[in-house]
Protein chains: 2
Amino acid sequence: MQLTTKGRYAVTAILDLALHGGEGPVSLADISGRQDISLPYLEQLFGKLRRAGVVNSVRGPGGGYGLARDASAIFVAEIIGAVDESVDTTRCQGAGDCQGGETCLTHSFWEDLSEQILGFLQGVSLADLIARREVRRIAGEQDRKQHGKAPRIPLAMTGAGLDETRISAGAP
Amino acid sequence: MQLTTKGRYAVTAILDLALHGGEGPVSLADISGRQDISLPYLEQLFGKLRRAGVVNSVRGPGGGYGLARDASAIFVAEIIGAVDESVDTTRCQGAGDCQGGETCLTHSFWEDLSEQILGFLQGVSLADLIARREVRRIAGEQDRKQHGKAPRIPLAMTGAGLDETRISAGAP
DNA sequence: CAATAACCAAGTAAATCAGTCAAGTATCTG
DNA sequence: CAGATACTTGACTGATTTACTTGGTTATTG
């Protein structure tokens, strides 16, 4: 299982992009300033994200990045997959040779867990995240701090009743 | 998120204990031999597991470890919690000060993910794992390789219809 | 009392991560 | 077309963490 700040930063940055990309490209410098992520590190991450087809870039003055698709068609699992190796929790990366060529006792269990996590991440889109009240509140504060700019949230995306993404879990 | 070989080893070792603990204590040397985990490392892990109340120990010759409770009352989440710090996926360990004292844009999302994973792990008991056909097959092979011993599976625990632990995931 | 097995405390090599640096290339504005 | 802007690429590094070892102590059985 690889869920580190790399994946977290990527999701945060892309979400920032989704929030501010309403009109034209967003520069990494802007994202860096708002989200407190170092610029060169963002460059590294966005290189992978572009190659994975999550974002597209515009060069030259006034350039920057934009989402490659609608926010409702980009899922968190894609973003994490693009920058991290995987969300696999088995030791053998699913190969089944965990114990000297043999399958270890708990292999199938970790496979189930991985599937579980992946299923969750595949079910949450950027649009779902934007719809959260919490996200919009924080984004608004960040915009205010930055330049007094109004938050550029494409209101068409903020559906009602989606405030907290909740997916049914197993018996408690 | 801390899900490394430490947690995996702990679950595997405890499962081995559950499978072989039918009659009296099981020594770490036995588990080490069957599961290919270094003995001193097992000692480290079982120290934590004992302090967490998951297993109890008997010292001296013929001593070893046993489950502190019935296999149906010990859940994977406990085992991982005992050896790893947590299964939290937020950067700030849930404190909400991810971005220089402020809450970062994606904080609530990682909280949800953490809850999701924890819910899954809390819903799977050792008895559930023992009931898996896969686990019993592998355990049988391991026993045969070792000493030609018969697998000591407490048959009372192997309920039917539980072969694959499946917990309902969100919409795909 | 001797063998056994749990218990305990440091210490260490390797791997990984987060982040940096430097040099380069494409694109736009004036 | 010239300069500035901004993305692109790839190698590099310090710090942290992990997995595992060493060496010893304490309790219990026969």
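Side chains included, hydrogens not; waters and symmetry mates left out as well; all remaining heavy atoms used. Each chain gets a letter, A, B and so on, in the order the sequences are listed, and its residues count up from 1.
Each of D:dA19, C:dT20, C:dA5 was ranked by its minimum atom distance to the side chain of A:Ser38; first place goes to C:dT20.
When hydrophobic clusters are built by joining Ile, Leu, Val, Met, Phe, Trp and Tyr residues whose side-chain heavy atoms come closer than 4.5 Å, directly or via intermediates, A:Val58 is not grouped with A:Val55.
Atom CG of B:Leu42 and atom P of D:dC20 are 10 Å apart (whole Å). Rounded to an integer number of Å, the gap from B:Leu45 CG to C:dA6 P is 14 Å. If you take CG of A:Leu39 and P of C:dT20, they are 10 Å apart, rounded to a whole angstrom. Taking atom CD1 of residue B:Ile37 and atom C1' of nucleotide D:dT18, one finds them 15 Å apart after rounding to whole Å. When the P atom of C:dG19 is taken as reference, atom CG of A:Asp36 falls 10 Å away, rounded to whole Å. In this structure, CG of A:Leu49 is placed 14 Å from C1' of D:dT8, rounded to the nearest angstrom. To the nearest angstrom, C1' of C:dA6 lies 14 Å from CG of B:Leu17. A straight line from NZ of A:Lys48 to C1' of C:dA18 spans 12 Å, rounded to a whole angstrom.
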Which atoms of nucleotides 1-4 of chain D (N or O only) lie under 3.5 Å from a protein N or O atom, and what are those distances?
none

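For A:Arg69, the salt bridge (Lys or Arg N to Asp or Glu O under 4.0 Å) criterion is met by A:Glu78, not counting sequence neighbours.
Between A:Arg132 and B:Ser108, the side chains place a donor N or O and an acceptor N or O closer than 3.5 Å (distance only, hydrogens not considered). There is a side-chain donor-acceptor pair under 3.5 Å between A:Trp110 and A:Thr106. A donor and an acceptor atom, one from each side chain of B:Ser125 and B:Ser72, are nowhere located under 3.5 Å apart.
Residues B:Arg50 and B:Asn56 form no side-chain contact, since every pair of their non-hydrogen atoms from C-beta on lies 4.5 Å or further apart. Residues A:Leu126 and A:Ile79 form a side-chain contact, since some pair of their non-hydrogen atoms from C-beta on lies under 4.5 Å apart.
Remark: the backbone N or O of A:Thr103 is not paired with any side-chain donor or acceptor of A:His107 at under 3.5 angstrom.
Side-chain to base pairing of B:Arg59 with D:dT29: no donor and acceptor N or O lie closer than 3.5 Å to each other. Taking only distance into account, the side chain of A:Gln44 never meets the base of D:dT8 through a donor-acceptor pair shorter than 3.5 Å.
In this structure, A:Tyr41 does not reach the C:dC17 phosphate: none of its side-chain N or O atoms is under 4.0 Å from OP1 or OP2. Checking the phosphate oxygens (OP1, OP2) of D:dT18, no side-chain nitrogen or oxygen of B:Arg8 falls inside 4.0 Å. Applying the 4.0 Å criterion to OP1 and OP2 of C:dC7, one finds that B:Ser57 has a side-chain N or O inside that range. Contact annotation: B:Thr4 side-chain N/O to D:dA19 OP1/OP2 distance is under 4.0 Å. Using a 4.0 Å cut-off, some side-chain N or O of B:Arg50 falls inside it from OP1 or OP2 of C:dC7. Regarding contacts with the backbone of D:dT8, every side-chain N or O of A:Arg51 stays at 4.0 angstrom or more from both OP1 and OP2. At C:dA5, none of the side-chain N or O atoms of B:Tyr65 fall inside 4.0 Å of OP1 or OP2 (strictly under the cut-off).
Looking at heavy-atom distances under 4.0 Å, A:Phe46 makes no contact with the nucleic acid at all.
Nearer the 5' end of DNA chain D, as judged by each residue's closest nucleotide, is the contact made by A:Gly47, out of B:Glu43 and A:Gly47.
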